[in-house]
Number of protein chains: 2
Amino acid sequence: MGYVEQGTGRDALFGRLETAETPEELQQLIELLRDHYSVDHIVYHWVNSNGDQYGCGTYPKAWVSRYLERGYLRIDPVVQGCYQRFHPVDWKRLDWSGKAARNFQRDAVEHGIGNQGYSIPIRGPNGQFAMFSLSSNCSDEDWDTFTEEHRRDLILVAHYFNQKALELEPGRKPEPSQALSPREVEALTLLGVGYSRAQAAETLSISEHTLRVYIESARFKLGAMNTTHAVARALSRGLIVI
Amino acid sequence: MGYVEQGTGRDALFGRLETAETPEELQQLIELLRDHYSVDHIVYHWVNSNGDQYGCGTYPKAWVSRYLERGYLRIDPVVQGCYQRFHPVDWKRLDWSGKAARNFQRDAVEHGIGNQGYSIPIRGPNGQFAMFSLSSNCSDEDWDTFTEEHRRDLILVAHYFNQKALELEPGRKPEPSQALSPREVEALTLLGVGYSRAQAAETLSISEHTLRVYIESARFKLGAMNTTHAVARALSRGLIVI
DNA sequence: TTTCCACTCCCCAAAAATAGCGGGGGATCC
DNA sequence: GGATCCCCCGCTATTTTTGGGGAGTGGAAA
């Protein structure tokens, strides 16, 4: 049983996925995965309102640009469905009843996306949200069999794609921030859960003035303009948890 | 090759995990998984300051209650590390340099948690955050070999545990997390990046009063006590990104 | 040992946020 | 066609937060 690093078997593809180092390699791998699983398309992309984020896949260019131009992101039931769920979703179990959704679906089929689809939502730090989708043209039974058989693998592939994308994508620099003192953490946390300064001070059994000093200190360390900003920064840097 | 539904082999455990229907079953499975992988402890739990959220695992009761009592959540480097990362983390690669962190570590070892650990961060909709951790007492080399060998399986197990927990936990219903309007999102986002109300209003080209209405509306929808609370909630539910 | 830093406390004036009242136009869904 | 929601604007008043000072303790590091 040879383990061929550059092969196209399941294990070889997984191994290459775990060691990929460039976006081009990921693009190549996504095409190999498409062939391996014999589906029409596979696509991995980030989702946010900016729209200009990372993505790779096998969708026709025409469809991708049409999708962006028309702002389909806002009406795509797949995106809506994935955003609200944790587990992978089969496209046919989504709500396609809206008029906009049906138009979108027709448009997608006309662009050769396929009538069947399966999407895995993925979430990372700082509110990152991405999707890994496969689509094809086949019967409901065949698609169910396929997704049932490869479910576990697909979750892993989606996971690795996101991991690589996070590693390779610039603009995600760790933003080295000065550590907060325990008291500062407590102060910001209490403010983050809705306490007023007076309440927070009472909870910590210190004077409100002292609490204020902590907040000011934390604000300075975090480079924040005001309390709200400081709490927001501490939250998004994982310094506090609410 | 018999597929034994009630067995304790890898495939059997995975199958049971995918079909579990009660929290008790999950607790039983986590113990079987611990035996299967021959580690000291496995634990799956949600992370937020309420503390009273779902969790199951094999940690001694004494340690769990001590952890909660002392608010270790706020100083646990594993939590901090997982919160900022997407990929699984080996405990020994975290920052244990702080005094509080070292005390925590000593306390943990004294409670029999083990010197080695591996944690997988998991994120769900509405800002849900959970961790799946394994810990044991062994050499660095043995632990590296173990995690390297079972990495993929562990990611899947963590994924399934979270899926089941989300399905089984009733507490996710009462807070459907009413969606914010686009304007409300913009308003909270600007406040989150440090703008004052006046600046935010000017940026959005609306009157400060109108901006105020959005903030109040968002605060109401989020059940927040004040602006800072609203921004914090919106952030931790993934409604805004800064 | 001295020099940091975290922690604690206090005053005051200015700025910001909150709370309440009122008004109107437009879209969409039932 | 009415209900509901989003989008915009006006006013006044009160409370809270903020930013600028200054001052003392203890412990840890250099």
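A, B, ... follow the sequence lines: proteins, then strands. Residue 1 opens every chain. As the structure is a prediction and not an experimental result, all values here were calculated from the model.
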Closest-nucleotide 5' rank along DNA chain D - winner of B:Arg183 and A:Glu216 | B:Arg183
Mind checking whether A:His159 and B:Phe86 have ring centres under 6.0 Å apart?
-> yes
Within-4.5 Å side-chain heavy-atom neighbours: A:Gln105 and A:Trp91 = no
Ion pair present between B:Glu186 and B:Arg183, side-chain N to carboxylate O less than 4.0 angstrom?
-> yes
Pair A:Tyr195 + B:His229: ring centers closer than 6.0 Å = no
Should the ring pair B:His41 and B:Tyr59 be called parallel, tilted or perpendicular, given that the plane angle runs from 0 to 90° and is split at 30 and 60?
-> perpendicular
Does A:Lys221 have a side-chain nitrogen or oxygen under 4.0 Å from the phosphate oxygens OP1 or OP2 of C:dC5?
-> no
At under 4.0 Å, does any side-chain N or O of A:Ser217 touch on OP1 or OP2 of C:dA6?
-> no
Would you call the rings of A:Tyr83 and A:Phe129 parallel, tilted or perpendicular, where under 30° means parallel and over 60° means perpendicular?
-> perpendicular
Any luck finding a side-chain donor-acceptor pair between B:Ser217 and B:Glu184 under 3.5 Å?
-> yes
Report which part of the nucleic acid B:Met225 touches: base, sugar-phosphate, or nothing (heavy-atom distance under 4.0 Å, all strands).
-> nothing
Taken to the nearest whole Å, CG/B:Leu191 to C1'/D:dT17 is 15 Å
For DNA chain D, determine which residues of residues 202-215 of chain B have any heavy atom closer than 4.0 angstrom to one of its atoms, and list them numerically.
-> B:Ile206, B:Ser207, B:His209, B:Thr210, B:Arg212, B:Tyr214
Which part of the nucleic acid, if any, lies within contact of A:Asn226, taking any heavy atom under 4.0 Å across all strands shown: a base, the sugar-phosphate backbone alone, or nothing?
-> nothing
Nearest-Å distance for atom pair CZ/C1', residues B:Arg197 and D:dT16 | 12 Å
Anything under 30° is parallel, anything over 60° is perpendicular, the rest tilted; go ahead and classify A:Trp63 against A:Phe104.
-> tilted
Can you check the A:Phe220 CZ to D:dG20 P distance for me, whole Å?
-> 12 Å
According to the interplanar angle, ranging from 0 to 90°, do the rings of A:Phe132 and A:Phe161 count as parallel (below 30°), tilted (30 to 60°) or perpendicular (above 60°)?
-> tilted
Ignoring backbone atoms, test whether A:Ser181 places a side-chain nitrogen or oxygen under 4.0 Å from the OP1 or OP2 oxygen of C:dC7.
-> yes
Using a cutoff of under 3.5 Å, can you pull out all pairs of nitrogen or oxygen atoms linking the protein to nucleotides 25-30 of chain D, with atom names and distances?
none

A:Leu180 CG - C:dA6 P separation (whole Å) | 10 Å
